[in-house]
Amino acid sequence: MKRVCVVGAGLAGCEASWQLAQRGVRVELFEMKPLHYSPAHRSPGFAELVCSNSLKAEHLNNASGLLKAEMEKLDSLILRCGREARVPAGGALAVDREVFSALVTRAMEDHPLITIRRERVTKIPAAPAIIATGPLTDEGLCRAIEEIPGMSRLHFFDAAAPIVLKDSLDMNKVFAASRYGRGDGNDYLNCPMDEDEYNAFYDALVEAETSDPHGFEKKLVFDGCLAVEILASRGRKTLCFGPLKPVGLVDPRTGKRPYAVVQLRQENLEGTLYNMVGFQTRLKWGEQKRVFSMIPGLNHAEFVRYGVMHRNTYLNSPDVLTKNYALASDPSIRFAGQITGVEGYMESACSGLIAGLSLACRLKGREEPSLGKETVIGALEAHVRTRSLDFQPMNANFGILTPLQERIRNKKERYLRLAQRSLTLMDEYNKQLEESE
Ligand SMILES: Cc1cc2nc3c(=O)[nH]c(=O)nc-3n(C[C@H](O)[C@H](O)[C@H](O)COP(=O)(O)OP(=O)(O)OC[C@H]3O[C@@H](n4cnc5c(N)ncnc54)[C@H](O)[C@@H]3O)c2cc1C
């Protein structure tokens, strides 16, 4: 059997390589780091998380939680490494990004069927291949992709939030707590604001200078990752119902719920770094220091990384991709990850999982099983090959699943029923897979 060339050792590329190799298929995994870095990547390790260290919710009444449960049933490497690198984050799965990347890198290096090539790819590789080069695909390869008949490139802008040093925080002002006492009850560091502090911060934020990337337009920003200053520009109180919402938090010093709260989430296992939750931004770095230092507790904060904003490229996939992320003109070539129009870390990994698993079936001459829109994995896969007037990236959410036949008014109950239905189908899919192997 021919080796599969996987391009890009990000979340999708590593998951795809793992799924192929675990099914006995040889893989040659190409990664351009550390020879070349995209504007957002910094470390030579694989599966680098370029912004938040959260892989989102884990409970089943949330679509991200259901996606994880589905991926667990398919032996997802990214999920397993995520759980091993876990740091406290209430009901969410957040990771120490360096430990996480090291675990994934080791799994790739140690697998006897995976060969690693540290090279920048500039041409479409010969089939069989999986292209998983992400939203910041290197320009040479982008041009080669655009030459595929029918292919066109779309883009939007994505942002990363700042990280601060814990030692530089004023712990007399900051308190540890999780919203509604979830997780260990004190997983986040919280910076409480009274109304005057919030108003002063708000005024400074909306007036601060931004570093607009070339051609930046508000409408191109992905709604799930809005820059904090854009959100603020929608109204004085918008942040109080978004990333700065105080619900479920009580300041132990006053015994009251603050007017607004900035939450900091643990970034590494040692607990020395914290990231500012929901503070992805395109403010100039000097402005970030000035404005964010107005937040109580951050007055002397040391920023180890400032927020940045980047162009995020994806394909007009409905024109060129077919079932299981296969290129319509050559199904032995697949695309995977954010470049296909799924949005998010786990969503990218899940598309790599399906691309790898289904290509392995094809190479073995077996029928490719497919998942329906009753599962989050299947609904995301269907999204990228379904034509629409305005094709946009999609993250895990219950709205993309086929609705239940019966009407259940209670949202929590409805979501749990959707989850049960999905996990039953996942078991059937797994059985089909086992029978075909
Ligand atoms: C700035 C920014 C912030 C984001 N923040 C979040 C967030 O907070 N939460 C979230 O869920 N999602 C976020 N995303 C979206 C998305 O989840 C991530 O981009 C995710 O890493 C995508 O996974 P991937 O495997 O598709 O690509 P990547 O993880 O980017 O992996 C692609 C890999 O391919 C390599 N590569 C690229 N071109 C070549 C080439 N020509 N030859 C060889 N190797 C190449 C790259 O070096 C990289 O290692 C963000 C995206 C951006 C751009």
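Each residue takes its place number in the sequence, starting with 1. For ligands, and for the atoms within them, numbers begin at 1 and follow the listed sequence.
Remark: side-chain polar atoms of S348 are not paired, donor with acceptor, to backbone N or O of A12 under 3.5 angstrom. Looking only at distances, no side-chain donor or acceptor of Q266 sits under 3.5 Å from a matching main-chain atom of A94.
Checked by distance only, ligand 1 and H41 come closer than 3.5 Å through their nitrogen or oxygen atoms. Where the criterion is an N or O separation shorter than 3.5 Å, residue side chain and backbone included, G8 fails it with respect to ligand 1. Checked against a 3.5 angstrom limit, the closest N/O atoms of A12 and ligand 1 fall inside it. When only interatomic distances are considered, the shortest N/O to N/O separation between Y345 and ligand 1 falls below 3.5 Å. Checking only distances, L11 does come within under 3.5 Å of ligand 1, N or O to N or O.
In this structure, A132 has a heavy atom closer than 4.0 Å to ligand 1.
Proximity annotation for atom 44 (N) of ligand 1: of M32, K123, Q338, E48, M32 comes nearest, heavy atoms only.
For the residue pair R385 / T340, no side-chain donor-acceptor distance below 3.5 Å is found, with atom types taken as modelled. Between the side chains of E229 and T281, at least one donor N or O sits under 3.5 Å from an acceptor N or O.
Residue S348 has at least one heavy-atom neighbour below 4.0 Å for each of these atoms of ligand 1: 22 (C), 23 (O), 26 (O). Near L141, meaning under 4.0 Å from any of its heavy atoms, are these atoms of ligand 1: 41 (N). Atom numbering of ligand 1 starts at 1 in the shown order; those under 4.0 Å from a heavy atom of E119 are 42 (N), 43 (C). For ligand 1, the atoms closer than 4.0 angstrom to any heavy atom of G337 are 26 (O). Against a heavy-atom cut-off of under 4.0 Å, S52 is close to the following atoms of ligand 1: 8 (O). Close contacts of ligand 1 with L136, meaning ligand atoms under 4.0 Å from a residue heavy atom, involve 53 (C).
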N/O donor-acceptor pairs under 3.5 Å from side chains in residues 323-330, not counting sequence neighbours:
unit_1	atom_1	unit_2	atom_2	d
N324	ND2	E368	OE1	2.9
D330	OD1	S332	N	3.1

- Can you check salt bridge (Lys or Arg N to Asp or Glu O under 4.0 Å) on E58 and R83, steps first, answer last? CA-CA 10 Å; E58 267 204 301; R83 287 186 171 150; 2.9 Å; yes

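By the 4.5 Å heavy-atom criterion applied to side chains, K166 and L273 are not counted as neighbours.
The side chain to side chain donor-acceptor pair (under 3.5 Å) search around E119 returns none, not counting sequence neighbours.
If you take CG on L141 and CZ on F30, they are separated by 12.0 Å, rounding to the nearest 0.5 Å.
Contacts between D138 and ligand 1, counted as non-hydrogen atom pairs separated by less than 4.0 Å, involve both the backbone and the side chain.
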